[in-house]
Amino acid sequence: MKIISQIDEFRQYRRVLNRNKIGFVPTMGYLHDGHLSLIDKSLEENQATIVSIFVNPTQFGPGEDLDRYPRDFPQDRQILEARSVDCILFPDSDQMYGANYATFIEVKKLGTVLCGKTRQTHFKGVTTVVLKLLNLVQPTTAYFGQKDAQQAIIIKRMVADLNLDLEIKVLPIIRDDDGLALSSRNRYLSDQERQAAVLLHTALSTAQNRIGEGREDSSALKKVIKKILKQNRLIKTDYIEIVSLDHLEPLDKVDPENTLVAAAIRVGGIRLIDNFILGEI
Ligand code: AMP
C-alpha cells in the first residue's frame with residue numbers, strides 16, 4: 001500500500017496507475033465502520049481503491065472543532081493496510097492550500113439550508129476540497145455516505161454541473177447497536193451524553209414508522225421528532241427539516257419518492273446529524 005503526502009508524488013503515481021476502474025473514498029480519517037462500508041464497496045467494485053485522509057480546514061467555521069477533530073493516522077493506516085487498499089492520499093494543509101490559495105467552488109442554494117444555515121461556509125469548503133481531490137485522483141467512482149445526505153446531494157449537483165466524468169455512489173448509514181449513527185465525533189460523548197444522542201435515531205425512526213402508518217403531514221411529523229428530542233435536557237436541537245431530496249426545498253407533505261427527513265442536535269459540545277430518506281440520492 002502506497003502512502004503519499006506530496007501532491008507531485010501523487011500525480012506521478014496516478015499517471016502510471018493503469019486501471020480501468022478506480023474507486024475513491026474521501027475521508028477525514030479516524031476511520032470507523034461507516035467509512036469502511038464505503039471502502040469495502042470500492043474494493044469490491046474496482047481494480048484499485050484510493051482513500052484520502054485530510055481534515056479539511058476550509059470546511060470548519062471559526063470556533064468549530066478543527067483543532068479538536070480526532071486524528072489517529074497510525075491506526076487508520078493499519079486498518080487500510082489490512083484491507084489491501086492501494087493508496088492513501090494523506091496531504092497536509094500546506095500541500096492542499098498553498099500560500100496564495102484563492103479558488104473556491106460554491107453550489108448555490110443547496111449549501112445554504114439545513115446544516116448550511118448554522119455552518120455558513122461549510123459546504124463551500126467541502127465542494128472545494130472534494131473537487132480538488134477528484135481532480136487529483138481522477139476516479140471512475142467516488143463513494144459517499146448517506147450519513148451526510150446534504151453533502152452527497154451537493155456533490156452530485158457539482159459533479160453534474162461541472163461535467164465531471166465519474167459516478168457518485170451514496171451508501172447507507174452505518175449505526176452502532178443502539179442506533180446511533182457512527183461518527184468520528186462520537187468518541188467525545190460521555191456515557192450520559194451518548195444516551196441522549198441515541199434519541200436522535202429514536203426520534204427519526206419513530207417519524208419513519210409514522211410515515212409507514214400513512215402519516216404524511218410534515219409539521220405533525222416534525223412535532224413527533226421534537227417531542228422525543230425534548231425528553232433529554234442535554235439535547236439542544238439545531239434543526240428538524242423535511243425537504244425534497246433533489247432541491248432541499250421544504251415539503252408540506254412527505255413525497256414517497258423524494259423526501260429527506262434530517263435533524264441536527266448538539267449534545268454537550270458535540271454536533272450530531274442523522275437522517276432518513278424516501279427515494280434515492
Ligand atoms: P468524514 O470522515 O466524516 O468526512 O466521512 C467520510 C465519508 O464517510 C463521508 O462520505 C461520510 O458520509 C461517510 N460516513 C461517515 N459516517 C458514516 C456512517 N455512519 N455511515 C456511512 N457513511 C458514513
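Note that ligands are numbered from 1 as they come in the structure, with each ligand's atoms numbered from 1 the same way.
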Suppose I only count heavy atoms of [X] and a 4.0 Å limit; which atoms of ligand 1 are within that range?
X    : value
P172 : 20 (N), 21 (C)
L182 : 16 (N), 17 (C), 18 (C), 19 (N)
T27  : 2 (O), 6 (C)
D148 : 11 (C), 12 (O)
F144 : 10 (O)
L38  : 7 (C), 8 (O), 10 (O), 13 (C)
H32  : 15 (C), 16 (N), 17 (C)

Cation-pi geometry met for [X] and [Y] (6.0 Å, 45°):
X    : Y    : value
K132 : Y97  : yes
R68  : Y188 : yes
K124 : F104 : yes

Task: Close side-chain approach of V267 to L272, heavy-atom, < 4.5 Å - done: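 Touching, per the 4.5 Å side-chain cut-off.
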Open item on the list: Tell me whether A152 reaches ligand 1 (any heavy atom closer than 4.0 angstrom to a ligand atom).
Closed with: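 No, A152 has no heavy atoms under 4.0 Å from ligand 1.
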Task: Part of P26 with heavy atoms under 4.0 Å of ligand 1, whether side chain, backbone, both or neither - done: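 Just the backbone.
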TODO: May I ask you to identify, for S184, whether its side chain, its backbone, both or neither come under 4.0 Å of ligand 1 on a heavy-atom basis?
DONE: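 Neither; nothing of S184 gets under 4.0 Å from ligand 1.
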May I ask you to check whether [X] and [Y] show a side-chain donor-acceptor distance below 3.5 Å?
X   : Y   : result
D8  : Y13 : no
Q95 : D92 : no
Q47 : N20 : no

Protein contact to [atom] [nearest heavy atom, distance to 0.1 Å]:
atom                    : value
atom 3 (O) of ligand 1  : Y69 OH, 3.8 Å
atom 5 (O) of ligand 1  : H35 NE2, 3.5 Å
atom 20 (N) of ligand 1 : I174 N, 2.9 Å
atom 22 (N) of ligand 1 : G145 CA, 3.6 Å

Open item on the list: Between F73 and F90 (judged by ring centroids, cut-off 6.0 Å), do the two rings come close enough to count as a pair?
Closed with: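 That pair passes the under 6.0 Å test.
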Open item on the list: Between E64 and R119, does any NZ, NE, NH1 or NH2 come within less than 4.0 Å of an OD or OE carboxylate oxygen?
Closed with: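 Yes, this pair counts.
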- [ ] Between K147, M28, R175, flag the one that comes closest to atom 4 (O) of ligand 1 by a heavy atom.
- [x]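 The residue whose heavy atom sits nearest atom 4 (O) of ligand 1 is M28.
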Open item on the list: Determine whether a donor-acceptor pair (N or O, by modelled atom type, separation under 3.5 Å) exists between the side chain of T128 and the backbone of I105.
Closed with: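 Yes; at least one donor-acceptor contact below 3.5 Å.
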